[in-house]
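In the text below, chain A, chain B and the rest are named by the order of the sequence lines, each starting its count at 1. All heavy atoms count here, side chains included; hydrogens, waters and symmetry mates do not.
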Protein chains: 2
Amino acid sequence: MNIGEIARRAGVSRSTVSYALSGKRPVSEDTRRKIQRIVDELGYQPSASARALANGRTSTIGLVFPPAGNHYTGMQLDFIGSVVEAAAAHDYDVLLSPSGVDSDRSFQRLLGERRVDGAILMEIRLEDDRAEHLAALGFPSVAIGRTAHPEDGWYVALDHTALAAACVHHLADLGHRRVAFVNRPEQLLRTGYESAQRGLDGFTKAAAERGLTVRTYCCGDDAAAGQACLERILHDDPATTALVTLNEAALGGLYRGLAHAGRHVPRDFSVTGVVANRWAETVTPQLTAADVPAAEMGRLAVDLLVERLDHSDAPPRQHLLVPPISLRASTGPAGVPQT
Amino acid sequence: MNIGEIARRAGVSRSTVSYALSGKRPVSEDTRRKIQRIVDELGYQPSASARALANGRTSTIGLVFPPAGNHYTGMQLDFIGSVVEAAAAHDYDVLLSPSGVDSDRSFQRLLGERRVDGAILMEIRLEDDRAEHLAALGFPSVAIGRTAHPEDGWYVALDHTALAAACVHHLADLGHRRVAFVNRPEQLLRTGYESAQRGLDGFTKAAAERGLTVRTYCCGDDAAAGQACLERILHDDPATTALVTLNEAALGGLYRGLAHAGRHVPRDFSVTGVVANRWAETVTPQLTAADVPAAEMGRLAVDLLVERLDHSDAPPRQHLLVPPISLRASTGPAGVPQT
DNA sequence: ACTTCCACGCGAACCGGTTCGACAAGCCGG
DNA sequence: CCGGCTTGTCGAACCGGTTCGCGTGGAAGT
């Protein structure tokens with residue numbers, strides 16, 4: 001079951017078997033066929049560990065994702081799935097690492113023990129010690145999201161600033177004047193989560209530009225928090241007629257809160273935001289939102305990483321995506337505000 | 001940065017360094033301290049590939065999950081997360097393999113190239129060629145779900161038969177007489193998906209036992225399919241007053257269909273089923289359902305696999321879980337059927 | 001017939017760990 | 001004073017591949 005056994009049966013040396021299989025040196029057609037036949041018969045496959053040791057490449061990429069403390073979102077799942085599939089298409093396996101911080105044991109294992117050739121980082125923060133650490137080491141990695149200093153790195157990201165602004169303009173165009181912003185949990189915002197930060201930023205700037213009256217909220221990643229958040233919004237300003245959210249998991253709760261308050265969507269109240277389309281279509285009425293192309297982002301991230309692995313001297317490349325707003329059924333013209 | 005370098009700096013042999021770090025043979029306190037100091041200074045970590053080659057263990061487990069063709073469900077995500085965390089607690093990494101069938105390339109890589117010490121199989125079918133293949137090879141694995149011949153294998157599973165039956169009894173106790181069953185997509189049922197098959201089975205038997213009039217449906221894994229399915233249900237038998245579903249992803253669509261049809265939940269129509277609690281709490285009104293303990297299952301699966309890896313001769317162990325129905329707000333007594 | 005060249009294949013070294021057998025030094029009891 | 005035992009360390013072999021340099025035999029060239 002090892003290469004020596006194949007060599008013995010074929011009556012050739014181990015190196016010849018290696019060359020026959022890798023094609024890195026010419027081998028006569030006869031011996032190549034003989035070797036191939038034996039390999040097929042025995043179902044021989046070379047050991048990944050031995051190969052990795054010999055040529056220094058593991059054919060594995062690490063996917064660093066946040067620990068379970070945060071609830072997972074549907075977007076993350078689509079993302080993981082597409083990364084694994086795209087990696088398989090390039091003959092890479094995917095090793096999962098549930099890492100928060102750079103000092104994390106699991107993260108150290110990936111790098112220190114050289115288990116992976118490169119890494120994809122999810123859930124980027126504006127100041128991200130993992131990203132900085134990898135960059136300092138020159139370790140091949142691609143970030144999903146932009147840090148505060150993105151120019152020199154490889155990344156695939158959504159332009160959250162532009163997306164939040166697009167939502168604001170959409171609502172303003174419909175005549176809404178008092179709009180709330182429902183962000184991810186406060187803890188994520190404080191620790192500098194890029195989507196939460198840039199989204200808030202884009203929302204605030206665009207709202208100022210359009211002269212809207214706004215309030216911004218942080219909201220836990222679950223339905224109950226969403227419902228509570230909506231109650232606060234209507235309590236703080238009952239004249240609010242629309243909201244923008246980045247918080248998928250709270251969406252159901254927001255809807256529930258609106259139903260409880262007797263606000264009909266979209267007649268009395270408009271809802272929009274940035275959400276994976278699977279979620280946008282699950283709620284009733286379906287959410288008008290900028291659809292997060294999670295699967296495409298996963299694929300792009302793998303493509304970028306593979307390119308970086310193949311050409312270690314290649315200059316950084318980036319993809320900054322701005323998906324359009326899909327018009328569904330949750331927004332409409334502003335009516336007469338209830339007071 | 002390799003063990004020879006450490007040995008050189010400490011003025012000892014490579015084997016001494018190895019023993020000092022692993023503790024498999026006694027090393028004098030002096031030399032151990034000297035070696036440890038150098039290791040700490042240099043931040044040395046042994047190469048995973050070399051270690052795996054030498055001792056035949058990769059410290060990695062494979063997680064075989066379905067390819068993206070199927071939509072992922074929230075349950076799967078919780079599951080993956082908990083597996084990764086539980087594995088990390090046992091000092092194992094997790095390698096993802098998006099495999100459907102036994103002949104799959106990615107699956108072959110896991111086994112043939114000996115990338116993993118053991119595997120966890122998700123999305124089990126009653127006749128599962130992957131599970132049989134692994135069993136035939138004696139390869140350490142734990143299934144999430146039961147095949148048709150479960151007695152000799154290691155698994156963690158829900159008792160879908162009992163859960164579906166519990167839903168039926170719950171509805172029957174509330175006085176419902178005409179009940180629909182909304183299953184996973186037909187293609188999954190036909191290919192022998194165990195949750196779809198056993199759930200259908202448990203539903204049918206329990207309904208017969210209670211003398212209910214039932215209809216069973218397959219439904220695509222998305223909101224639009226759920227809505228369409230509900231329309232068919234009311235079209236086929238407008239007197240239907242309740243449904244049981246296993247289909248998380250269709251749930252939002254089912255609710256939407258009910259709203260469109262003017263059926264109020266739970267006054268006019270009761271909904272229950274087997275669903276991860278995160279989803280059950282997202283819809284309005286919150287779903288009375290048997291909550292799938294995905295995170296717990298992931299943890300148990302890893303525990304079982306680690307036990308099997310540590311004691312290769314251990315007899316098979318299983319966990320068959322029957323979570324209780326969480327009473328929320330989506331079921332109520334049967335009213336007068338609308339005709 | 002004698003070089004020249006090329007195509008093929010071989011042996012050995014190497015990747016970076018682990019592990020086994022052996023050996024030296026120190027201590028003990030007889 | 002000598003044999004036996006323990007403790008600590010070393011050298012070498014091994015895991016299963018890849019890769020480099022060299023040797024050989026046959027065909028081609030003059």
Side-chain angles (χ1 to χ4, degrees), chain A residues 1-39 42-60 91 93 108-117, chain B residues 1-39 42-60 91 93 108-117:
Chain A
M1 62 267 296
N2 59 24
I3 200 174
E5 179 68 13
I6 304 292
R8 213 178 46 71
R9 300 206 187 201
V12 300
S13 74
R14 301 196 301 148
S15 50
T16 302
V17 175
S18 177
Y19 287 126
L21 294 179
S22 71
K24 296 196 178 174
R25 272 198 195 177
V27 170
S28 80
E29 196 49 36
D30 276 6
T31 49
R32 142 165 292 140
R33 262 203 300 272
K34 189 184 341 172
I35 290 171
Q36 189 61 54
R37 193 174 47 73
I38 296 177
V39 164
L42 271 61
Y44 165 76
Q45 289 182 261
S47 145
S49 311
R51 170 174 288 169
L53 177 58
N55 67 14
R57 300 170 34 82
T58 60
S59 296
T60 303
D91 276 324
D93 283 328
Q108 289 301 328
R109 279 176 58 135
L110 280 198
L111 298 194
E113 302 186 359
R114 282 142 288 169
R115 282 176 189 269
V116 299
D117 296 336
Chain B
M1 61 270 296
N2 60 24
I3 200 173
E5 178 69 13
I6 305 293
R8 213 179 45 68
R9 301 206 187 201
V12 299
S13 75
R14 301 196 302 148
S15 49
T16 301
V17 175
S18 178
Y19 287 127
L21 294 179
S22 71
K24 294 194 180 177
R25 274 201 194 176
V27 170
S28 78
E29 197 48 38
D30 275 8
T31 51
R32 142 164 291 138
R33 261 203 300 272
K34 189 186 338 174
I35 290 171
Q36 190 59 54
R37 194 173 48 72
I38 296 178
V39 164
L42 271 61
Y44 164 76
Q45 289 183 262
S47 145
S49 310
R51 170 174 288 172
L53 177 58
N55 67 14
R57 301 172 33 83
T58 60
S59 296
T60 305
D91 276 324
D93 283 330
Q108 288 302 328
R109 278 176 58 138
L110 280 198
L111 298 195
E113 302 186 359
R114 280 143 290 168
R115 282 176 189 270
V116 300
D117 296 335

Look at the side-chain N and O atoms of B:T16 and state whether any lies under 4.0 Å from the OP1 or OP2 oxygen of D:dC10.
yes
Pick base, sugar-phosphate or nothing for B:T31, based on heavy-atom distances below 4.0 Å to the nucleic acid.
sugar-phosphate
To the nearest angstrom, the CG-C1' distance between A:N55 and C:dC14 comes to 12 Å
Have a look at A:P46 and say if it touches a base, only the backbone sugar-phosphate, or nothing, with a 4.0 Å heavy-atom cut-off.
sugar-phosphate
Quick one: is B:R51 getting a side-chain N or O under 4.0 Å of the C:dT18 phosphate, OP1 or OP2?
yes
No-H, no-angle donor-acceptor pair, A:R25 side chain to C:dG9 base, under 3.5 Å:
yes
With DNA chain C as reference, determine whether A:D30 or B:A54 sits nearer its 5' end, using the nearest nucleotide of each.
A:D30
For B:A50 and B:E29, find the nucleotide of DNA chain D closest to each by heavy atoms; which residue's nucleotide sits nearer the 5' end?
B:E29
Using a 3.5 Å distance criterion without hydrogens, assess whether the side chain of B:S22 forms a donor-acceptor pair with backbone atoms of B:S18.
yes
Between A:S13 and C:dC10, is there a side-chain N or O to OP1/OP2 distance below 4.0 Å?
yes
Below 4.0 angstrom from OP1 or OP2 of C:dT18, is there any side-chain N or O of B:K24?
no
Does the B:D117 side chain pair with the main chain of B:R57, one donor and one acceptor, at a distance under 3.5 Å?
no
Would you say A:S28 places a side-chain N or O within less than 4.0 Å of OP1 or OP2 belonging to C:dG9?
yes
Closest to the A:Y19 side chain: D:dT19, D:dC10, C:dG17?
D:dT19
Can you figure out which of D:dG17, C:dT19, D:dT18 approaches the side chain of B:S18 most closely?
C:dT19
Take the protein atom CD1 of A:I35 and the nucleotide atom C1' of C:dC10, then report the distance between them rounded to whole Å.
12 Å
OP1 or OP2 of C:dG17 sitting under 4.0 Å from any side-chain N/O of B:Y44?
yes
Is a donor-acceptor pair below 3.5 Å formed from side chain B:S15 to base D:dG11, judging by atom type as modelled?
yes
Helix axis bend for the helix from C:dA1-D:dT30 to C:dG30-D:dC1 - C1'-based end axes, five pairs, 10° rounding
50°
